[in-house]
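Each residue takes its place number in the sequence, starting with 1. Start at 1 and go down the list; that is how both ligands and their atoms are numbered.
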Amino acid sequence: MHGKVALVTGGSRGIGAATALRLARDGADVAITYVQGEEAAKDVVREIEALGRRGLALRADSADADEAAGAVGRTVEVLGRLDVLVNNVGVGLLGPLPTLSPADVDRILAVNVRGVFLTAQAAAAHLASGGRIVTIGSCMTQRVPGPGGTLYAMSKSALTGLTKALARELGDRSITANIVHPGPIDTDMNPATGPYAAAQSAVTALGRFGSAGEVASMVAYLAGAEAGYVTGAEFAVDGGYAA
Ligand code: NDP
């Protein structure tokens with residue numbers, strides 16, 4: 001990926017940080033977005049730079065329409081081009097159906113759906129031929145093993161439709177769009193030591209949580225040159241959660 005530029009949204013921690021570092025190890029210059037974790041984002045950029053690549057931390061709230069799209073423009077301004085967008089930002093908002101408010105619906109749609117769409121739309125205007133859009137969905141689009149997931153599963157399922165439609169929209173420019181569905185992955189959002197961890201591990205075939213690096217490996221493949229004929233497709237990295 002030498003000479004390529006990637007933007008990873010939500011790259012200060014978790015799957016996004018692991019992906020940003022993996023793409024940098026593969027040779028790309030990488031911009032990341034974050035909202036709260038300025039120090040964590042700067043640490044990721046320092047690690048990218050230690051790998052000999054250019055890094056850029058952008059404070060850009062995906063819930064804000066201008067900021068979601070603006071991160072793309074700022075990446076191109078500073079790093080000069082855009083080859084890969086990893087739409088990783090997502091928030092979990094789980095709870096029994098009667099407790100979910102209209103504000104909860106708006107919040108999850110703003111971050112998990114509208115922000116992803118607007119970032120992809122902005123990226124499409126800049127992506128070079130051979131560009132890549134990789135979106136992070138969820139194993140809960142494939143299987144919802146218990147109650148409490150209505151809003152989250154709804155929001156993530158929208159991204160499958162977006163991915164397929166983007167593949168059709170951008171195929172004539174040799175730009176691919178794919179979606180990766182992680183299973184339970186050990187991050188701040190879903191710690192492997194959390195109260196619901198054992199139940200999630202039990203639903204997988206492998207009986208364990210995955211690591212952020214295991215998701216990053218799939219993203220790196222889809223972002224790379226070898227995946228040029230792979231588009232509009234869904235990839236589970238879920239330990240067999242949906243099997
Ligand atoms: P984390 O909560 O560990 O990290 C989230 C990252 O996104 C942080 O860098 C955070 O930055 C950033 N972020 C959060 N909200 C916003 C926002 N509004 N605008 C910009 N950046 C934001 O999440 P994970 O790494 O666990 O999850 C990454 C993706 O994977 C999400 O889409 C999630 O839904 C999905 N996923 C995760 C699974 C899991 O088990 N962990 C399973 C299936 C899917 P800041 O430091 O500023 O908060």
Side-chain angles (χ1 to χ4, degrees), residues 7-22 30-45 57-72 74-75 85-94 106-116 118-119 134-145 149 151-160 162-163 179-194 196-197 199-201 203-204 208-216 218-219 234-239 241-242:
L7 168 62
V8 180
T9 66
S12 60
R13 297 181 281 115
I15 293 169
T19 300
L21 292 172
R22 171 61 198 263
V30 186
I32 60 171
T33 67
Y34 69 95
V35 183
Q36 308 283 344
E38 186 175 359
E39 272 317 303
K42 284 184 178 166
D43 284 346
V44 173
V45 165
L58 299 168
R59 195 193 171 284
D61 186 348
S62 291
D64 180 289
D66 292 336
E67 292 184 23
V72 171
R74 287 160 70 196
T75 299
L85 168 66
V86 182
N87 249 324
N88 165 74
V89 164
V91 289
L93 214 166
L94 304 170
D106 288 347
R107 168 76 188 157
I108 204 152
L109 291 180
V111 177
N112 291 12
V113 181
R114 187 182 65 176
V116 172
L118 293 172
T119 308
V134 183
T135 297
I136 304 298
S138 168
C139 58
M140 283 183 61
T141 64
Q142 315 289 301
R143 182 180 190 191
V144 180
L151 269 187
Y152 185 70
M154 177 179 77
S155 70
K156 288 293 187 176
S157 296
L159 304 183
T160 299
L162 172 66
T163 296
I179 187 161
V180 174
H181 296 309
I185 304 297
D186 185 18
T187 65
D188 293 343
M189 179 192 277
N190 188 14
T193 50
Y196 307 109
Q200 291 178 71
S201 292
V203 179
T204 69
R208 67 168 176 89
F209 267 50
S211 69
E214 287 173 314
V215 179
M218 176 63 85
V219 177
E234 300 178 67
F235 296 87
V237 182
D238 68 355
Y241 183 99

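Residue Ile185 has at least one nitrogen or oxygen atom sitting less than 3.5 Å from a nitrogen or oxygen atom of ligand 1, judged on distance alone. Note: an N/O pair closer than 3.5 Å links Asn190 and ligand 1 by distance alone. Taking any N or O of Gly10, backbone or side chain, at least one lies under 3.5 Å from an N or O belonging to ligand 1. Geometrically, ligand 1 and Cys139 share no nitrogen or oxygen pair separated by less than 3.5 Å. Distances between N or O atoms of Gly90 and those of ligand 1 include at least one value under 3.5 Å. The N/O atoms of Arg107, backbone and side chain alike, include none that comes under 3.5 Å of an N/O atom in ligand 1.
Scanning the protein for heavy atoms near atom 5 (C) of ligand 1, the closest one is Arg13 NH2, 4.2 Å. Closest to atom 24 (P) of ligand 1, if we only count protein heavy atoms, is Thr187 OG1, 3.6 Å. Among protein heavy atoms, atom 46 (O) of ligand 1 sits closest to Ser12 OG, 2.8 Å. Nearest protein neighbour of atom 21 (N) of ligand 1, counting heavy atoms only, is Val89 CG2, 3.4 Å. Residue, atom and distance of the protein heavy atom nearest to atom 47 (O) of ligand 1 are Gln36 N, 2.4 Å. Summary of contacts: the protein heavy atom closest to atom 38 (C) of ligand 1 is Gly183 O, 4.0 Å. Given atom 2 (O) of ligand 1, the protein heavy atom at minimum distance is Met189 CB, 3.4 Å. Scanning the protein heavy atoms around atom 43 (C) of ligand 1, the nearest turns out to be Pro182 O, 3.3 Å.
Listed here is the closest heavy atom pair of Arg107 and Val91: NH2-CG1, 4.4 Å. In plain terms, the two heavy atoms of Thr33 and Gly10 that are nearest each other are OG1-N, 2.8 Å. The two atoms that bring Tyr152 and Ser138 nearest to each other are CE2-OG, 3.5 Å, heavy atoms only. Smallest separation of non-hydrogen atoms from Val44 and Ser12: CG2-O, 3.7 Å.
Contact annotation: Gly137 has at least one heavy atom less than 4.0 Å from an atom of ligand 1. Within the 4.0 Å heavy-atom cutoff, Ala41 does not count among the residues contacting ligand 1. Contact annotation: Glu38 has no heavy atom less than 4.0 Å from any atom of ligand 1.
Using a 4.0 Å cut-off between heavy atoms, Pro184 contacts ligand 1 through its backbone alone, with no side-chain atom that close. Counting heavy atoms closer than 4.0 Å to ligand 1, residue Met140 contributes nothing at all. When non-hydrogen atoms are compared, ligand 1 lies under 4.0 Å from the backbone of Ala60 (N, CA, C, O) but not from its side chain.
Contact of the Arg59 side chain with the Glu38 side chain is not registered, since no non-hydrogen atoms from C-beta on lie closer than 4.5 Å. Between Tyr34 and Arg13, every side-chain heavy-atom pair lies at or beyond the 4.5 Å cut-off. Using a 4.5 Å heavy-atom threshold, the side chains of Ile185 and Asn190 count as separate. Using a 4.5 Å heavy-atom cutoff, the side chains of Ile136 and Val219 are in contact.
Between the side chains of Gln142 and Asp238, no donor-acceptor pair is found at a separation under 3.5 Å.
Listed by atom number, the atoms of ligand 1 under 4.0 Å from Tyr152 heavy atoms are 33 (C), 34 (O), 35 (C), 36 (N), 43 (C), 44 (C). Less than 4.0 angstrom separates some heavy atom of Ser62 from each of these atoms of ligand 1: 17 (C), 18 (N), 19 (N), 20 (C). When each atom of ligand 1 is checked for a heavy atom of Ile136 under 4.0 Å away, the hits are 29 (C), 30 (O), 35 (C). Remark: ligand 1 atoms within the under-4.0 Å shell around heavy atoms of Tyr34 are 21 (N), 47 (O). Taking a cut-off of under 4.0 Å to the non-hydrogen atoms of Asp61, the atoms of ligand 1 that pass are 17 (C), 18 (N), 19 (N). Atoms of ligand 1 lying under 4.0 Å from any heavy atom of Ile15, numbered from 1 in the order shown and given with element: 25 (O), 30 (O), 37 (C). Which parts of ligand 1 touch Asp188 is read off a 4.0 Å heavy-atom cut-off, strictly below it: atoms 3 (O). Atoms of ligand 1 lying under 4.0 Å from at least one heavy atom of Gly14, given by number and element, are 25 (O).
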Q | Candidate pair Leu162 and Val113, rule side-chain contact (heavy atoms from CB on, under 4.5 Å), full reasoning | A | CA-CA 9 Å; Leu162 172 66; Val113 181; over 6 Å; no
Q. When you look at Thr19 and Asn88, which way does the side-chain contact (heavy atoms from CB on, under 4.5 Å) test go after all the steps?
A. CA-CA 9 Å; Thr19 300; Asn88 165 74; 5.7 Å; no
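With values rounded to the nearest 0.5 angstrom, Thr141 atom OG1 is found 9.5 Å from Lys156 atom NZ. Interatomic distance, Asn87 CG to Thr119 OG1, rounded to the nearest 0.5 Å: 5.5 Å. To the nearest 0.5 angstrom, Arg22 atom CZ is 15.0 Å from Ile15 atom CD1. The OG atom of Ser155 lies 7.0 Å from the CG atom of Leu109; values are rounded to the nearest 0.5 Å. Between the CG atom of Asn112 and the OG1 atom of Thr135 there is a distance of 11.5 Å, given to the nearest 0.5 Å. The CG atom of Leu7 lies 4.0 Å from the OG1 atom of Thr75; values are rounded to the nearest 0.5 Å.
Around atom 16 (C) of ligand 1, the closest heavy atom drawn from Asp186, Asn88, Val35, Val86 belongs to Val35.
For atom 8 (C) of ligand 1, the nearest protein heavy atom is under 4.0 Å away.
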